[in-house]
**Student:** 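I have a structure I would like to understand better, so I am pasting it below and will then ask my questions one at a time.
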There are 2 protein chains.
Amino acid sequence: MKRSSRLSIALHALVHLYAQPGKQLTSAALATCLMTNPVVVRRILGELRQAGIVAASKGPSGGWMLSRPAEEITLRQIYEAMGERLLIRTESDPGDVTCAIVRSVDRVMNEFLDDAEALLAARLQRVRLSDIATNAAQAGFPRLD
Amino acid sequence: MKRSSRLSIALHALVHLYAQPGKQLTSAALATCLMTNPVVVRRILGELRQAGIVAASKGPSGGWMLSRPAEEITLRQIYEAMGERLLIRTESDPGDVTCAIVRSVDRVMNEFLDDAEALLAARLQRVRLSDIATNAAQAGFPRLD
DNA sequence: CCATAATGTAACAATAAAAGTTACATGAAA
DNA sequence: TTTCATGTAACTTTTATTGTTACATTATGG
């Protein structure tokens, strides 16, 4: 598996939960769907649980479910709940900070990336889980203009 | 060193070249500044060379220099020359594509990321190497609005 | 024209990040 | 109170990136 499939796994799991409303799906069941490990599922959904996006219950007949309507779950919430970065941050060597050029480049890049990240977050806020689940089969994905 | 410092290294090297116009800097000299290895410098600048951003000459007194004025070098050109991604792409397991939900999530995310990447590329086009080099000491970095 | 000094590149090693796995504690339901 | 789920820590495996070594290639200048 390639790098950082966390977000893909999260969305995949959420769509599965959306597709079976009222039903609680276990980590093991989801892991089978996502072709991964139950612990990986728990780790990722655990972050979404802390953000109030999903809820988990233990014991027999336990499992995961959406804790809010899919219309009220935005991509931005999911990203932020996972502590994911939209943009690749290029990091300099820590020992390098004495160089004025390094500091300048870092600062300039970070300012740009902060702005860009805010811009993208605003866009992501417009996309709801229900959009993904219902519109996925068509081409009508919300555009960025 | 952390993940993907390629871009940081590239910018750092370019600013160094800009700071000493007319002078050819060797991979070894740049590597010392960037606290990395000469071969790493050659690999990265080699990509910029193919894009016509820098030029290299061999032999004694050889080295690297900008092949265009810094005013005509944009961040976008640098990104594209390096084949870098602005956005983190979340990839699904290849064996997973039989699942309709995976395909849908992938397609939706890719459409979003394609749009977002185009948007950011347009913004990056406005930032010139000379902006970074000269404005770095101030806060006046071109804003994204 | 030959010694020198640079790039160009392939092949390999080391490192770091992500994912996968095992193990077990905790808690709820029947 | 047994069962079956989550919660989480610790460890291993895998993969991507970076660093390193080695050497061919090429240009310079005495």
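Since we're looking at a predicted model, the values are computed, not measured. Naming: A, B, ... by sequence-line order, numbering from 1 per chain.
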**Student:** Check this one for me: any side-chain N or O of A:T36 less than 4.0 Å away from OP1 or OP2 of C:dG20?
**Tutor:** yes
**Student:** So, does B:S57 get its side chain near the phosphate of D:dA27, meaning an N or O under 4.0 Å from OP1 or OP2?
**Tutor:** no
**Student:** Compare side-chain N and O positions of A:R43 against OP1 and OP2 of C:dG20 and report whether any pair is under 4.0 Å apart.
**Tutor:** no
**Student:** D:dT8 P sits how many Å from A:E47 CD, rounded?
**Tutor:** 11 Å
**Student:** Output the single nucleotide from C:dT21, D:dA5, C:dG8 whose closest atom is nearest the side chain of B:A56.
**Tutor:** C:dG8
**Student:** Once you round it to whole Å, what is the distance between P of C:dA23 and CZ of A:R42?
**Tutor:** 14 Å
**Student:** If the threshold is 4.0 Å, N to carboxylate O, is there a salt bridge linking A:E47 and A:R43?
**Tutor:** no
**Student:** Would you mind reading off the distance between A:K58 atom NZ and C:dA25 atom C1', rounded to a whole angstrom?
**Tutor:** 8 Å
**Student:** Between C:dC12 atom P and B:N37 atom CG, what is the distance in whole Å?
**Tutor:** 18 Å
**Student:** Of the nucleotides D:dT8, C:dG20, D:dT25, which has the atom closest to the A:V40 side chain?
**Tutor:** C:dG20
**Student:** Considering only C:dT26, D:dC4, D:dT20, which nucleotide approaches the side chain of B:V39 most closely?
**Tutor:** D:dT20
**Student:** Think B:T26 has a side-chain N or O under 4.0 angstrom from the OP1 or OP2 of C:dA6?
**Tutor:** no
**Student:** Return yes if a side-chain donor-acceptor contact under 3.5 Å exists between B:R128 and B:Q77, otherwise no.
**Tutor:** no
**Student:** Calculate the interatomic distance between A:I9 atom CD1 and C:dA19 atom P; express it in whole Å.
**Tutor:** 6 Å
**Student:** Look up atom CG in A:N110 and atom CG in A:D115, then write down how far apart they are to the nearest 0.5 Å.
**Tutor:** 11.0 Å
**Student:** Please report the distance, rounded to the nearest Å, between CG in A:L7 and P in C:dA18.
**Tutor:** 13 Å
**Student:** CG of B:L30 versus P of C:dT7: gap in Å, rounded?
**Tutor:** 8 Å
**Student:** Please pick, from C:dT9, C:dT4, D:dT20, the nucleotide with the shortest atom-to-atom distance to any side-chain atom of B:R49.
**Tutor:** C:dT9
**Student:** Side chain of B:P60, heavy atoms from C-beta onward: which of D:dT28, C:dG8, C:dA28 has the nearest atom to it?
**Tutor:** D:dT28
**Student:** Identify which nucleotide among C:dG8, D:dT3, C:dA23 has an atom closest to any side-chain atom of B:W64, counting heavy atoms from C-beta outward.
**Tutor:** C:dG8
**Student:** Are B:S57 and B:Q24 linked by a side-chain donor-acceptor pair shorter than 3.5 Å?
**Tutor:** yes
**Student:** Answer yes if the side chains of A:W64 and A:T26 hold a donor-acceptor pair under 3.5 Å, and no otherwise.
**Tutor:** no
**Student:** Could you check how far CD of B:Q50 sits from C1' of C:dT7, rounded to whole Å?
**Tutor:** 13 Å
